[in-house]
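Working notes, structure below.
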Amino acid sequence: MKQLCLEFKNSDAKSRVLRLNNIDDNLDAETVRSAMTKIAATNMFIKKGIELYKEPVGAKYVEQIETPIFSDK
């Protein structure tokens, strides 16, 4: 399964990652940067007075591969 991981700085200058599943895995940098800028501009993700997604920093696709050894389900 691929995830799109969007990295932001919060208003305390700490790193935050927003992970999205079921995504288009052919997005270009301009499209993703534009979407991240719009997310940051909404100011709707606030927790204890801290804006969680204040400034876009980077984005990447992450693919998790599971290799089962055995299962007794």
Side-chain angles (χ1 to χ4, degrees):
M1 171 177 60
K2 276 192 180 179
Q3 287 184 327
L4 178 58
C5 296
L6 307 176
E7 185 178 354
F8 292 85
K9 292 267 186 196
N10 68 15
S11 57
D12 276 353
K14 294 183 181 175
S15 182
R16 296 283 304 190
V17 177
L18 179 61
R19 298 176 195 284
L20 305 172
N21 296 321
N22 302 317
I23 44 86
D24 179 355
D25 61 357
N26 293 311
L27 299 172
D28 61 37
E30 182 179 322
T31 302
V32 175
R33 186 183 302 269
S34 173
M36 290 176 73
T37 301
K38 289 176 185 176
I39 290 169
T42 65
N43 296 321
M44 61 187 245
F45 298 100
I46 299 174
K47 184 176 182 180
K48 297 182 181 178
I50 297 171
E51 294 177 50
L52 301 180
Y53 306 112
K54 177 89 173 155
E55 178 186 342
V57 174
K60 62 184 174 184
Y61 289 110
V62 175
E63 188 169 4
Q64 181 178 358
I65 300 172
E66 294 183 24
T67 306
I69 297 172
F70 73 92
S71 174
D72 291 335
K73 290 183 181 180

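For Glu63, the CD atom counts as densely surrounded, since its 6.0 Å shell holds more than 12 non-hydrogen atoms of other residues, nucleotides or ligands. By the neighbour-count criterion of 12 heavy atoms within 6.0 Å, atom CG of Asn22 is sparsely surrounded, having that number or fewer from other residues, nucleotides or ligands.
The minimum heavy-atom distance linking Lys9 with Val57 is given by the pair CG-CG2, 3.4 Å. When all heavy atoms of Asn10 and Asp12 are compared, the closest pair comes out as OD1-N, 2.8 Å. Considering every non-hydrogen atom in both Arg19 and Gln3, the closest pair reads CD-OE1, 3.8 Å. Shown here for Ser11 and Gly49, the closest heavy-atom pair between the two residues is OG-O, 4.4 Å.
Rounding to the nearest 0.5 angstrom, the gap separating the CG atom in Leu27 from the CG atom in Asp25 is 8.0 Å.
Of the possible donor and acceptor atoms, none in the side chain of Ser34 sits under 3.5 Å from a partner among the backbone N and O of Glu30.
With contacts defined as side-chain heavy-atom distances shorter than 4.5 Å, the pair Tyr53/Thr42 does not qualify. In this structure, the side chains of Phe45 and Leu18 stay at 4.5 Å or more apart for every pair of heavy atoms.
Residues Val62 and Leu6 fall into different hydrophobic clusters, defined by Ile, Leu, Val, Met, Phe, Trp and Tyr side chains chained together at heavy-atom separations under 4.5 Å. Under a hydrophobic clustering in which Ile, Leu, Val, Met, Phe, Trp and Tyr are joined whenever their side-chain heavy atoms come within less than 4.5 Å, directly or via other members, Val17 and Met44 fall into different clusters.
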